[in-house]
Number of protein chains: 2
Amino acid sequence: MGFEYRDGVETRELRYFVAVAEELHFGRAAQRLGIAQPPLSRAIRQLERRLGAALLERTSRTVTLTDAGSVLLREGRAALDAVEAAERRARRAALAATGHAGVVLAAKAGASSELLAKLLDAYAAEPDAVTVDVLLCGIGEQERLLRDGRADVALLHRPFDTTAGFDTEELRTDGQVAVLPAGHPLTGRTHVQMAEVTALPGLPMPRWPGLDGTYPDGPGPQVREHAQLLQLIALGRACAILPDSCRAQLGGDLAAVPVLDAPTVTTVIAWPPHSRSRAVAGLVQTATRL
Amino acid sequence: MGFEYRDGVETRELRYFVAVAEELHFGRAAQRLGIAQPPLSRAIRQLERRLGAALLERTSRTVTLTDAGSVLLREGRAALDAVEAAERRARRAALAATGHAGVVLAAKAGASSELLAKLLDAYAAEPDAVTVDVLLCGIGEQERLLRDGRADVALLHRPFDTTAGFDTEELRTDGQVAVLPAGHPLTGRTHVQMAEVTALPGLPMPRWPGLDGTYPDGPGPQVREHAQLLQLIALGRACAILPDSCRAQLGGDLAAVPVLDAPTVTTVIAWPPHSRSRAVAGLVQTATRL
DNA sequence: GGGATCGATACCCGTGCGGTATCGCTGCCC
DNA sequence: GGGCAGCGATACCGCACGGGTATCGATCCC
């Protein structure tokens with residue numbers, strides 16, 4: 001009795017655990033996984049026995065994570081991403097061998113668009129350039145895309161995006177400007193302070209969705225896209241503080257005023273630390289030479 | 001016919017593939033895995049079908065990796081390390097909850113010993129210090145230990161160790177010195193150049209084992225440990241270029257002369273990028289204050 | 001050309017995953 | 001407070017799949 005199973009955890013078990021840990025509900029997790037609830041209960045219990053650690057505290061009404069469970073949730077997600085990345089990158093390497101080479105570059109939709117355009121142009125002019133598929137994504141999604149192999153390289157914006165775990169090169173740093181409806185009183189100023197913008201009556205800062213897709217509480221309108229935000233500002237329903245480089249996208253109905261005490265924004269190009277891809281290396285080199 | 005299995009790769013399949021890819025021999029790989037050869041062949045074939053990619057080129061006499069196979073070997077190892085790390089860190093988090101907290105610090109055996117001693121002393125004096133288990137390991141092993149969760153934090157030496165994928169803080173930088181037998185002609189000099197040391201007649205530079213445990217070809221003696229190297233130098237069979245801080249360990253039979261054009265060595269403390277451990281944070285903070 | 005080596009194939013068996021039915025506990029509501 | 005609803009655990013079953021043995025077929029070597 002009391003055996004120690006000495007072979008490792010299977011990804012299936014990790015997927016099951018992550019589902020339960022996210023839902024905190026065996027029934028919903030089972031539904032999400034497309035299996036029935038009893039096998040799920042069994043699998044989790046087996047995982048706990050194998051680890052020799054309680055992962056979930058269950059009463060018959062509620063499920064909560066133990067400390068070990070929280071750790072396994074975080075680390076397990078990373079591990080699953082790594083497995084997915086291995087799978088996807090192997091598939092793409094096979095495609096590349098049959099002639100269809102290419103890189104996937106992830107960038108926030110609506111950000112750094114002229115920098116991105118310049119980069120793509122410059123890289124396309126390189127002698128050994130390959131196809132670059134651009135993957136426009138939401139706020140903060142780039143890291144996930146890099147980690148699970150859906151992208152090979154990404155444009156990130158410090159300090160908003162975290163570059164932890166990636167290799168990076170800085171491309172440019174921008175000050176930030178307040179974007180306001182044309183004709184707003186502040187428009188005449190040569191510069192403003194953060195405090196003047198964040199507390200404008202009737203022009204709240206918008207709320208962006210978190211990584212889980214939900215919005216924080218607060219007064220501002222909920223926005224999901226860059227264009228949507230600009231339209232809201234033009235309508236006089238919001239204002240925002242954005243990197244200086246966004247000026248190129250502002251129409252006549254919007255005005256920008258530099259914010260002196262806003263943190264500067266650094267655009268970096270990032271890639272997974274052990275990337276051996278010649279195409280990624282070329283893209284990075286081109287980017288640093290812009 | 002021609003089904004697409006849309007659920008992910010299992011770690012068992014990855015372990016099997018890595019074994020075959022490393023051995024390039026189904027029989028030996030099966031033996032290493034403790035299973036028979038036919039199920040292994042089947043598993044690999046199934047993995048290839050699932051990925052839709054050839055991973056191995058087999059004739060009945062030889063097995064070689066395809067491009068996709070090389071990618072999957074590299075990425076698969078990383079993924080397996082991540083899964084192992086998740087497993088180990090969850091186990092240790094469970095232990096921590098039952099009172100036995102602690103951090104594992106990895107350091108090269110024989111390197112930075114006084115820095116390490118100072119760090120351990122200083123950290124032990126902190127109010128919320130926990131037990132620090134020191135894991136002395138071979139050259140370049142620290143990265144693996146951090147990646148698969150056997151260590152929580154490590155001391156690395158740039159540019160010899162790669163810090164890719166970790167968060168780091170620099171602790172100190174040293175020049176390098178040539179370590180020679182006492183009485184050697186160069187001993188009288190106040191400084192030397194790289195070229196003068198690397199080509200000394202009868203005193204070749206030693207060869208260190210690579211990550212796979214094999215030695216590169218060359219004239220120098222094979223060494224595996226720091227102490228072994230110093231003894232060889234004292235015997236007049238080798239010389240070496242080492243960080244300045246090694247002087248503390250040199251006995252009277254060895255002499256050190258600064259090498260002006262050698263790259264400086266930076267000692268850094270490194271930890272996995274998403275570590276949420278209070279103990280690691282404390283250790284890092286203590287280290288940076290030394 | 002015969003033997004040795006090695007991967008693939010054929011076939012069988014047992015484990016274990018996933019399913020359905022049901023129990024037992026808990027909180028809730030009239 | 002008793003009945004009910006919700007949820008996780010347990011019991012049991014069937015089958016798919018992982019692993020084993022035996023054997024084939026190809027290739028290299030002497």
Side-chain angles (χ1 to χ4, degrees), chain A residues 1-51 53-66 69 72-73 80, chain B residues 1-51 53-66 68-69 72-73 80 83:
Chain A
M1 52 174 37
F3 285 101
E4 303 272 331
Y5 295 130
R6 266 300 161 227
D7 45 52
V9 170
E10 289 300 320
T11 61
R12 183 178 45 81
E13 300 177 287
L14 281 183
R15 275 189 286 267
Y16 286 6
F17 172 73
V18 168
V20 177
E22 283 177 356
E23 301 282 350
L24 291 178
H25 190 293
F26 280 75
R28 279 196 300 275
Q31 195 170 2
R32 206 175 94 181
L33 292 166
I35 65 171
Q37 169 257 320
L40 180 56
S41 288
R42 231 181 23 202
I44 299 293
R45 195 159 285 287
Q46 173 177 339
L47 179 60
E48 286 180 314
R49 281 226 326 270
R50 180 177 301 191
L51 291 177
L55 301 172
L56 299 165
E57 209 72 59
R58 326 114 147 100
T59 73
S60 71
R61 301 301 292 173
T62 171
V63 175
T64 57
L65 283 170
T66 63
L72 189 64
L73 176 56
L80 288 176
Chain B
M1 50 162 56
F3 288 100
E4 301 272 331
Y5 296 132
R6 264 304 163 224
D7 44 53
V9 171
E10 290 298 322
T11 60
R12 182 179 44 81
E13 298 177 288
L14 281 183
R15 275 189 285 266
Y16 286 6
F17 172 74
V18 168
V20 177
E22 284 178 354
E23 301 282 351
L24 291 178
H25 190 291
F26 279 75
R28 277 195 302 274
Q31 195 170 1
R32 206 175 95 181
L33 293 166
I35 65 172
Q37 169 259 319
L40 180 57
S41 288
R42 228 178 30 197
I44 299 292
R45 195 159 283 288
Q46 173 177 337
L47 179 61
E48 286 178 315
R49 282 226 325 271
R50 180 177 301 191
L51 291 177
L55 300 172
L56 298 165
E57 210 72 59
R58 326 125 152 90
T59 73
S60 69
R61 301 302 291 177
T62 170
V63 175
T64 57
L65 283 170
T66 64
L72 190 63
L73 176 57
L80 289 176
V83 172

K.L.:
Are any of Arg58(B)'s side-chain N or O atoms less than 4.0 Å away from OP1 or OP2 of dA8(C)?
P.N.:
yes

K.L.:
Rounded to the nearest angstrom, tell me the gap between atom CD in Glu13(A) and atom P in dG18(C).
P.N.:
10 Å

K.L.:
Establish, from distance only, whether the side-chain atoms of Glu10(A) and Thr11(B) form a donor-acceptor pair under 3.5 Å.
P.N.:
yes

K.L.:
Whole angstroms only, please: what is the CZ-C1' distance between Arg42(B) and dA16(D)?
P.N.:
11 Å

K.L.:
For Leu24(A), what residues pass the side chain to side chain contact (heavy atoms under 4.5 Å, CB included) criterion, not counting sequence neighbours?
P.N.:
Val63(A), Leu65(A)

K.L.:
Send over the distance from Ile44(A) CD1 to dC17(C) P, rounded to a whole Å.
P.N.:
12 Å

K.L.:
Just to verify, what does Gln37(B) make a side chain to side chain contact (heavy atoms under 4.5 Å, CB included) with, not counting sequence neighbours?
P.N.:
Phe26(B), Ala30(B), Ser41(B)

K.L.:
Compare the minimum distances between each of dC17(C), dG19(C), dG8(D) and the side chain of Arg12(A), then state the nucleotide with the smallest one.
P.N.:
dC17(C)

K.L.:
Over how many whole Å does the gap from Gln46(A) atom CD to dC17(C) atom C1' extend?
P.N.:
9 Å

K.L.:
Taking atom P of dG8(D) as reference, at what distance in whole Å does atom OH of Tyr16(A) sit?
P.N.:
16 Å

K.L.:
Check whether any side-chain heavy atom of Leu72(B) lies under 4.5 Å from a side-chain heavy atom of Leu51(B), and answer yes or no.
P.N.:
yes

K.L.:
Given side chains that start at C-beta, do those of Leu56(A) and Thr66(A) come closer than 4.5 Å, heavy atoms only?
P.N.:
no

K.L.:
Any residue in residues 23-38 of chain A with a heavy atom nearer than 4.0 angstrom to DNA chain C? Just list them by number, or reply none.
P.N.:
Gly34(A), Ile35(A), Ala36(A), Pro38(A)

K.L.:
Below 3.5 Å between N/O atoms, which protein atoms pair up with nucleotides 26-30 of chain C? Just atom names and distances, please.
P.N.:
| residue | atom | partner | partner atom | Å |
| --- | --- | --- | --- | --- |
| dT26(C) | O4' | Ser60(A) | OG | 2.7 |

K.L.:
Distance to the ring centre below 6.0 angstrom and angle to the axis at most 45 degrees; does that hold for Arg12(A) and Tyr16(A)?
P.N.:
yes

K.L.:
Whole angstrom is fine here: how far is it from CZ in Arg45(A) over to C1' in dT10(D)?
P.N.:
10 Å

K.L.:
Holding to side chain to side chain contact (heavy atoms under 4.5 Å, CB included), I want the full list of residues that pass it with Gln31(A), two or more places apart in sequence or in another chain.
P.N.:
none

K.L.:
What is the distance from CG of Leu47(A) to P of dG16(C), rounded to the nearest Å?
P.N.:
16 Å

K.L.:
For Ala19(A), give me all partners under side chain to side chain contact (heavy atoms under 4.5 Å, CB included), at least two apart in sequence or on another chain.
P.N.:
Ala29(A), Arg32(A), Leu33(A)

K.L.:
Ignoring backbone atoms, establish whether Ser41(A) has a side-chain N or O less than 4.0 Å from OP1 or OP2 of dA9(D).
P.N.:
yes

K.L.:
Which whole-number value in Å describes the distance from Glu57(B) CD to dC6(C) P?
P.N.:
19 Å

K.L.:
Is Glu13(A) salt-bridged to Arg42(A), cutoff N-O under 4.0 Å?
P.N.:
no

